[in-house]
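Keep in mind that this is a model prediction, so the values were computed, not measured.
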Amino acid sequence: MHFFKDHAVLCGLVASLVGIAYGIYLIFWLMKQPKGNERMQEISKAVQEGAAAYLKKQYKTIAIVAVVPFFLLGVYHYIFSSSVFGWGTAVGFLIGAILSAAAGFIGMNVAVRSNSRTAEAARRGVKPALDVAFKAGSVTGLLVVGLGLFGVAGYYWVLTGWFHHDPTSAIDDLIGLAFGGSLISVFARLGGGIFTKAADVGADLVGKLEAGIPEDDPRNPAVIADNVGDNVGDCAGMAADLFETYAVTAVAVMLLGTHFDTASLWLYPLGLGAVSIIASVIGTWFARAGKGPNSIINALYRSVLVATVLSAIGFIPITMAFDGGGKFGFWNLYGPALIGLGITFLLVGITEYYTGSRWHPVKKTAEASQTGHATNIIAGLAYGMQATALPVIVIAVGIMGAWYAAGHNLYGIGVAVMAQLSMTGLIVALDAYGPVTDNAGGIAEMADMPESVRTVTDRLDAVGNTTKAVTKGYAIGSAGLAALILFNEYTTRLGEESDKFKTVGLFDLSNPWVIAGLFIGGLMPFLFASYAMTAVGRVGGEVVMEVRRQFREDPGIMLGTSRPDYSRAVSLVTGSAIKGMMLPAAIPIVFPIVVGIINERALGGLLIGTIVTGLFLAISMTSGGGAWDNAKKLIEDGLYGGKGSDAHAASITGDTVGDPYKDTAGPAINPMIKIANIVAILIIPIVASIHG
């Protein structure tokens, strides 16, 4: 058994390469599937070009922004006479940024090439279409965990094996990798979210409500931009988001493990990640649709359940290897790992309940649409708020359970978070499946495919709305737990800098600086979400004006005798989304720096305040938005008068409000929380030099 401890880094590297290799195999399999007729391929190519153009511009902008932190990290120890951070950290930052961008870019490119293939497979029924769409999503999921574990384990191996760093200093440099992933993530989440929802809102407001044409109607000038947005937001954005969450969590738990001399505990997270990657690869084989109305969602959840059970079994030999008979015995480690897997299962189930079309909240939101737009909005807001209760209780119980299981030690919470995040591969696959099926439905509509095809893609898309919400709930829950570990690292490192910071009650709630920091930190997610929502509204308004202009100046568009200028709308949203992401992205970087310079206790309060309010706000937004979306889907399927009814118009309003809630502001709070904590860790030498 000690093989797994002695060779934990090797196990991590091998498992990550297995995940990447299987993802590459799936890419080759997908590219061999039929692409459909010429019209389908033409539409798919337009989406591909628009998505590639947006990501190219976004990553170019991020690259320019990233130059400053790269050089600051490199010269950090010279400027501040610090023994930590330097060019090793700067290189780690670069690795994290590149791998995060690569996971999103490759996954999105596969997704936009699989949309027409999914639509073509839908001619043969649900099973073939689900097979293509889920395999496309699995590519993104496996690349996220494969590249994430490869980056962390590989850079650690290079630092300790080639440069002979001790484990603690090597993991210090891994903080740079986590920061690089976080920076990419917050920009990708924001930019992609602004793009997708601005295009969606603009397309719906003019197309559905004003012109009275169906969703994805080829006469709508914003329809290609809408389809592009699905991919840059829900595929590339989510991939960067969960890559960052996965890498940050692994590094944070490794940092926590260096505080103990027992059995090389800083390597235990790599073993957990290695097991779950193999389990996730096997889990993808079980996503097979059966019969019945719930066969699609059941097939997807079956794959997650299989991988979870296999992970729980695989954790046993890994944990036995790290059972050194000292402070942490077998159950002190395995118990928290099982709790982490249990938290994953419960968060998925709770989010499914609040956003799935077969459950009470969505049905009641649809029912509320019968009495008007206002009652639909009230129902969605109410269920969004209610949806915070159970996840927070699960997280709170999980924190206490893991702490007790580890012998009253915070490391147990770290193990639980890593076990939870080890399932990221399949959870991301569920999310990336969504934009593939959504685009497939759009292609079916625009290419005038048979109604039977659209029926299949609509069934797949309705499930995709739920799985995207489930992924966001999972990501947000894990962000809260991971940020708690990072906060502990901030307090520990601050105490190591000076005896002054070891004072009992450093973050005592009777201290006015701590209270002030709590309020400022609690403000940050609301301000961040406000700027993100404002950007969606502003850019969406520009799309509305552009679509109206084209309808007004070219009457042949509505008659079907001339084609809209799709590229104009794509270009408009691309430029505006890039501009719109800059201000909110600065909040989690600037606020901790300014507050930390003012007072170190206030910075500690800020971090906790951000975690608490961010968790509630993000869950409320994503669950409420998901309920609005699927309530509209229920009505469009014929409930309460179906399409064109008053209830349908009210549900469209709710869905339009919910779009930036669930796809822009809400999920972007996840990386915002963690980047604030990482920035706080990075500026500890500055804080100590000013206040020590």
Between [X] (side chain) and [Y] (backbone), is there a donor-acceptor pair under 3.5 Å?
X    : Y    : result
S276 : G273 : no
R454 : G441 : yes
N109 : F105 : yes
R302 : F286 : yes
S651 : H648 : yes
T351 : V348 : no
R117 : R113 : yes
S478 : A475 : yes
N439 : N115 : no

Please confirm whether K135 makes a cation-pi placement over W29, using NZ or CZ under 6.0 Å from the six-membered ring centre and within 45° of the ring normal.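 Yes; both conditions hold, so K135 lies above the ring face of W29.
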Between OG on residue S645 and CD1 on residue I635, distance to nearest 0.5 Å: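 Here the rounded value is 6.0 Å.
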Between [Y] and [X], is the closest basic N to carboxylate O distance under 4.0 Å?
X    : Y    : result
K633 : D655 : no
K45  : E38  : no
E120 : K35  : no
E42  : R39  : yes

Exercise: identify the closest heavy-atom pair between [X] and [Y]:
X    : Y    : answer
A647 : Y640 : CB-O, 3.7 Å
V145 : G425 : CG1-N, 3.2 Å
L30  : V132 : CD2-O, 3.5 Å
A198 : V543 : O-CG2, 3.9 Å
M40  : A119 : CE-CB, 3.9 Å
A279 : L310 : CB-CB, 3.8 Å

In this structure, are over 12 heavy atoms from other groups packed under 6.0 Å from Y301 atom OH? yes
Inspect the surroundings of OH in Y353 and state if more than 12 heavy atoms from other residues, nucleotides or ligands are less than 6.0 Å away.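 Above 12, so yes.
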Hey, would you say the Y25 and F28 ring centroids sit under 6.0 Å apart?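 No, too far apart.
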For the pair Y661 and W628, name the ring-plane relationship: parallel under 30°, tilted 30 to 60°, perpendicular over 60°.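 Ring orientation, 0 to 90° scale: perpendicular.
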Plane angle bin for H360 and Y383 - parallel if under 30°, tilted between 30 and 60°, otherwise perpendicular: perpendicular
Side-chain polar contacts of residues 618-625 - donor-acceptor pairs under 3.5 angstrom, sequence neighbours left out - could you list them?
unit_1: S620; atom_1: OG; unit_2: G384; atom_2: O; d: 3.4
unit_1: T622; atom_1: OG1; unit_2: A618; atom_2: O; d: 2.9
unit_1: T622; atom_1: OG1; unit_2: I619; atom_2: O; d: 3.3
unit_1: S623; atom_1: OG; unit_2: I619; atom_2: O; d: 3.2

